[in-house]
Protein chains: 2
Amino acid sequence: MNRERVIATAVRLADTEGLEALTMRRLGEDLNVKAMSIYNHVANKDDLINAMADAIFSEIELPSHSDEWKPAIRKRSISFRDVLARHAWATTVRDSGTNPGPGTLRHHDRVIGTFRNGGFSIEKTAHAFSAVDSYIYGFAMQEKSLPFTTQEETAAMAAVMLAQLPTSEYPYLAELTADHVLKPGYSYGDEFLVGLDLMLDGLETMRDTDQAFE
Amino acid sequence: MNRERVIATAVRLADTEGLEALTMRRLGEDLNVKAMSIYNHVANKDDLINAMADAIFSEIELPSHSDEWKPAIRKRSISFRDVLARHAWATTVRDSGTNPGPGTLRHHDRVIGTFRNGGFSIEKTAHAFSAVDSYIYGFAMQEKSLPFTTQEETAAMAAVMLAQLPTSEYPYLAELTADHVLKPGYSYGDEFLVGLDLMLDGLETMRDTDQAFE
DNA sequence: ACCTGAACACCGTTCAAGT
DNA sequence: ACCTGAACACCGTTCAAGT
């Protein structure tokens with residue numbers, strides 16, 4: 001048993017049963033050890049969760065500096081969102097704040113480098129980094145908070161909610177639900193690329209505009 | 001004592017001492033009542049937090065249908081971000097999922113209506129709604145997770161982090177920190193409007209483009 | 001160096017009992 | 001109708017004791 005195995009097991013537990021199922025006692029069971037032994041490998045639960053967040057950051061496909069910035073950032077953004085969907089608990093965790101791990105640092109360095117080599121000034125790189133990552137995080141959070149995943153579930157859930165909704169009070173919400181969400185083939189996940197491409201196109205314009213955003 | 005007072009007191013407690021300080025026993029103290037009495041007014045802690053989330057949604061400035069969509073959405077987006085900054089715990093909560101309260105429904109209806117009256121098709125309204133709100137949520141989350149708030153704190157913190165950073169391993173991150181974050185006048189909060197306006201301009205283009213995003 | 005039993009100070013929540 | 005004491009089954013974490 002080592003730190004790595006503790007973290008990997010904790011990630012698997014949070015993935016399959018949610019962050020609230022991740023208790024030291026339960027994690028101990030999964031590791032065939034008593035809860036107190038875990039403290040030989042992590043300082044405390046905060047340290048553990050921080051390490052988990054850093055571990056999944058390493059799963060994100062790194063953009064290549066040699067690629068064009070736009071397809072490179074697009075690819076890694078899609079990968080980022082996939083990772084956050086796979087580890088839903090991570091959308092509400094955010095390590096990085098106080099002491100980011102090596103996976104997080106490496107990822108950020110590469111993203112910043114991709115913008116810089118793509119012709120973005122330092123200021124514009126900061127804008128781009130903030131804008132894209134905010135969008136990705138926010139989208140992953142919204143997606144996570146939806147009470148359904150499959151299309152059948154969505155349709156069933158939306159139908160129930162629409163039936164309960166005082167439609168005269170919320171006419172626009174009712175219209176959107178009836179004429180869009182309930183339409184066959186609707187999937188909230190499809191919205192991701194729309195917003196992402198909007199943002200990337202905006203960044204391209206910004207990059208090529210003098211001063212405007214500095 | 002009534003439900004409203006319970007919720008308002010809980011919001012105040014979470015605002016000032018964080019969500020982890022919000023326990024039923026502690027909330028009881030603030031209400032001058034024993035913890036168990038609270039259950040006369042809320043079903044359980046989940047119900048309480050859901051109600052709290054709905055309560056702060058009502059604080060967001062509603063866009064007016066009669067205004068131009070762009071300034072109207074811009075104004076309410078700034079207000080939304082202010083509310084999330086004021087109630088940092090709310091960025092990780094998200095009720096709406098299963099059973100949104102009246103404050104949430106009313107807000108969503110107005111936003112949707114503003115896009116519809118601004119000439120957005122139903123599909124494009126769905127795109128716009130998702131894109132803007134994802135950005136706002138994500139930005140608020142990033143802002144919350146920063147370990148500093150004032151400019152002095154930022155500078156001090158960034159200096160420490162930069163000193164610890166293996167700069168040869170993360171050259172781009174080091175450059176951004178040294179030449180941007182550490183510059184006088186830097187404030188991460190300023191990034192909000194940059195990304196927001198990028199998104200709003202993108203939405204305007206999308207609105208006026210045939211089919212493209214439908 | 002790693003594991004463990006017992007213990008401490010907490011949680012959310014139930015329930016029977018009070019007014 | 002609202003409040004409460006006692007209790008239950010949990011938490012994270014410490015510490016002395018074991019190998």
Side-chain angles (χ1 to χ4, degrees), chain A residues 1-56 87-90 92-95 97-99 101 145 147, chain B residues 1-56 87-90 92-95 97-99 101 145 147:
Chain A
M1 191 165 76
N2 53 28
R3 187 172 221 264
E4 214 176 309
R5 194 161 89 82
V6 170
I7 294 162
T9 307
V11 167
R12 210 173 313 123
L13 177 56
D15 287 352
T16 53
E17 305 190 36
L19 202 58
E20 71 282 354
L22 176 66
T23 68
M24 300 305 268
R25 284 167 176 86
R26 179 65 201 305
L27 178 57
E29 277 180 43
D30 286 13
L31 288 162
N32 287 315
V33 107
K34 300 297 165 201
M36 313 87 209
S37 308
I38 300 170
Y39 288 90
N40 283 307
H41 304 99
V42 299
N44 49 41
K45 199 175 179 182
D46 258 19
D47 178 38
L48 171 65
I49 287 180
N50 222 43
M52 289 166 65
D54 193 61
I56 68 147
H87 308 290
W89 51 270
T92 48
V93 163
R94 300 289 285 111
D95 85 314
T98 345
N99 55 342
S145 78
Chain B
M1 198 176 58
N2 53 26
R3 187 171 221 264
E4 213 175 313
R5 194 162 89 82
V6 170
I7 294 162
T9 307
V11 167
R12 211 173 313 122
L13 178 55
D15 287 352
T16 53
E17 305 191 35
L19 203 58
E20 70 281 356
L22 177 65
T23 68
M24 300 305 269
R25 284 167 174 87
R26 179 70 199 317
L27 179 57
E29 276 179 43
D30 286 15
L31 289 162
N32 289 316
V33 108
K34 300 295 165 200
M36 314 84 209
S37 308
I38 299 169
Y39 289 90
N40 284 308
H41 304 97
V42 300
N44 50 40
K45 200 177 177 180
D46 258 19
D47 178 39
L48 171 64
I49 288 180
N50 221 46
M52 288 165 67
D54 193 61
I56 69 147
H87 308 289
W89 52 269
T92 49
V93 163
R94 299 291 284 111
D95 84 315
T98 345
N99 55 342
S145 78

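Within every chain, numbering begins at 1; the chains are lettered A, B, ... in the order of the sequence lines, protein sequences first and strands thereafter.
- Heavy-atom minimum distance, L31(B) versus R5(B): O-NH2, 3.5 Å.
- The two residues A90(A) and I56(A) come nearest to each other via the heavy atoms CB-CD1, 3.3 Å.
- Interatomic distance, CD of E17(A) versus OG1 of T23(A), reported as 10.0 Å (0.5 Å rounding).
- Residues A10(A) and L22(A) come closest through the heavy atom pair CB-CD1, 4.0 Å.
- Note: H41(B) NE2 to E4(B) CD = 12.0 Å, rounded to the nearest 0.5 Å.
- Here the closest heavy-atom approach between residue I7(A) and residue A55(A) is recorded as CG2-CB, 4.1 Å.
- From M52(B), atom CE reaches atom CG of D54(B) across 12.0 Å, with rounding to the nearest 0.5 Å.
- You can see that DNA chain D meets the heavy atoms of chain A within a 4.0 Å-exclusive cut from dC11(D) to dT14(D), reading 5' to 3'.
- For residues 42-53 of chain A, every residue pair satisfying the salt bridge (charged side-chain N to carboxylate O under 4.0 Å, His left out) rule, not counting sequence neighbours, is listed here: R3(A)-D47(A).
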Dot-bracket notation for DNA chain D, counting Watson-Crick and G-U pairs under 3.5 Å, with | for partners on another strand: ||.|||||...|||||.||
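- Of the inter-residue distances, the one linking S37(A) atom OG with N32(A) atom CG reads 11.0 Å to the nearest 0.5 angstrom.
- Nearest heavy atoms, I38(B) versus G28(B): CD1-N, 3.7 Å.
- Of all the residues in residues 35-45 of chain A, M36(A), Y39(A), N44(A), K45(A) reach under 4.0 Å from DNA chain D with at least one non-hydrogen atom.
- Within residues 9-32 of chain B, the residues that have a heavy atom under 4.0 Å from DNA chain D are, in order of number, R25(B).
- Applying the side chain to side chain donor-acceptor pair (under 3.5 Å) rule to H87(B) yields the partners D15(B), E59(B); only residues at least two apart in sequence or on another chain are considered.
- Considering every non-hydrogen atom in both A53(A) and W89(A), the closest pair reads N-CH2, 4.3 Å.
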